[in-house]
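Step one of this worksheet: look at the structure below.
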Amino acid sequence: MRNRVNILGIRFDNLDARDALSWCERSLNEKKKGYIVTPNAEFVYACRQNETSRTLINNAALVTPDGIGVVYAGKILGTPVKGRVPGCDLAESLAASMAKSGHTLYLLGAKPGVAEKAAENMKVKHPGLKIVGTHDGYFKDAEPVLEDIRRTAPDVVFVCLGFPKQEQFMADHLQTLPCTLMLGLGGSLDVFAGVVNRAPEIYQKLGMEWFYRLCQEPKRIKRMAKLPLFLLIAVKERLLHGKSRQEDPQ
Ligand code: UDP
């Protein structure tokens, strides 16, 4: 039975980074198919107005909170999540684990050349990691991409097309592709390729990663401006409905 916490309509699995990695390793060993999503406050906010996106997220086999905004919302609602599980960190620890287990990986997404560079860097960082293919995320026709994934038959695909394109891609294709797990990881390939710098640990510990990211990419201001609104909605929900409505021991 999944222990899930409902935060403004999104049902998050209540686990920390270590549990999330164990879950992935178990699924890989048991060949249990599923797709994983790591929503941040911006996704949750968007899902309030869009039922299709909400269903895509809630149908995932694992839903982990990527951003500090979701963690704060959980606290405000009186149903705290166990911890923040950034998609980038989960991808990194899973890659390290796959380098040992021999499971194979495919990288999909980002601008042309980025996935290849990310693959190069990841293979240096995790000796033994088998990356069997890469493809950029700016394709018009999905068929050649699907054919490449079928041909290379990876165990895991990192799908980095941004929300909600990556969630739609995973939901549409997981069952017909030979992979076991698909992870929707937003801009992670940009980080692995060194195109974008991850916030230093001190920012991550202080819950200020969003601020570092904003300084690096000021055009994100419009997207990030939704964070205070998102927290206000959480406050309003708590005042109107109290704690019980948010609990979801499904
Ligand atoms: N992207 C893509 N195809 C698209 C649109 C976006 O491959 O059609 C990539 C984009 O290049 C970037 C990632 O998807 O690498 C989205 O990154 P973003 O920072 O928006 O995601 P976040 O990490 O905030 O979820």
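Read the numbers this way: they start at 1 and go in the same order the structure lists the ligands and their atoms. Numbers here simply count residues along the sequence, with the first being 1.
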(message) I need the minimum non-hydrogen distance between Cys24 and Leu181, along with the two atoms involved.
(response) O-CD1, 3.7 Å
(message) Centroid separation under 6.0 Å, is that true for the rings of Phe230 and Tyr45?
(response) no
(message) Tell me whether Arg54 is salt-bridged to Glu167, with the criterion being a basic N under 4.0 Å from an acidic carboxylate O.
(response) no
Dump the pairs for me: ligand 1 N or O, protein N or O, distance under 3.5 Å, to 0.1 Å.
| from | atom 1 | to | atom 2 | distance (Å) |
| --- | --- | --- | --- | --- |
| ligand 1 | 1 (N) | Tyr138 | OH | 3.3 |
| ligand 1 | 3 (N) | Gly137 | O | 2.8 |
| ligand 1 | 7 (O) | Ala110 | N | 2.9 |
| ligand 1 | 7 (O) | Cys160 | O | 3.4 |
| ligand 1 | 8 (O) | Lys165 | NZ | 2.7 |
| ligand 1 | 11 (O) | Tyr138 | OH | 2.8 |
| ligand 1 | 14 (O) | Cys160 | O | 3.2 |
| ligand 1 | 14 (O) | Gly162 | N | 3.3 |
| ligand 1 | 15 (O) | Asp190 | OD2 | 2.6 |
| ligand 1 | 17 (O) | Gly187 | N | 3.4 |
| ligand 1 | 19 (O) | Arg213 | NH2 | 2.9 |
| ligand 1 | 19 (O) | Arg220 | NH1 | 3.1 |
| ligand 1 | 20 (O) | Arg223 | NH1 | 3.1 |
| ligand 1 | 20 (O) | Arg223 | NH2 | 3.4 |
| ligand 1 | 21 (O) | Gly187 | N | 3.4 |
| ligand 1 | 23 (O) | Gly187 | N | 2.9 |
| ligand 1 | 23 (O) | Arg213 | NH2 | 3.2 |
| ligand 1 | 24 (O) | Arg220 | NH2 | 2.6 |
| ligand 1 | 24 (O) | Arg223 | NH2 | 3.2 |

(request) Check the side chains of Tyr35 and Asn59 for a donor-acceptor pair under 3.5 angstrom, ignoring hydrogens and angles. (result) no
(request) Working to the nearest 0.5 Å, report the span between CG of Leu183 and CD of Gln166. (result) 10.0 Å
(request) Taking only Lys NZ, Arg NE, NH1 and NH2, and the carboxylate oxygens of Asp or Glu, determine whether Asp19 and Lys82 approach each other closer than 4.0 Å. (result) yes
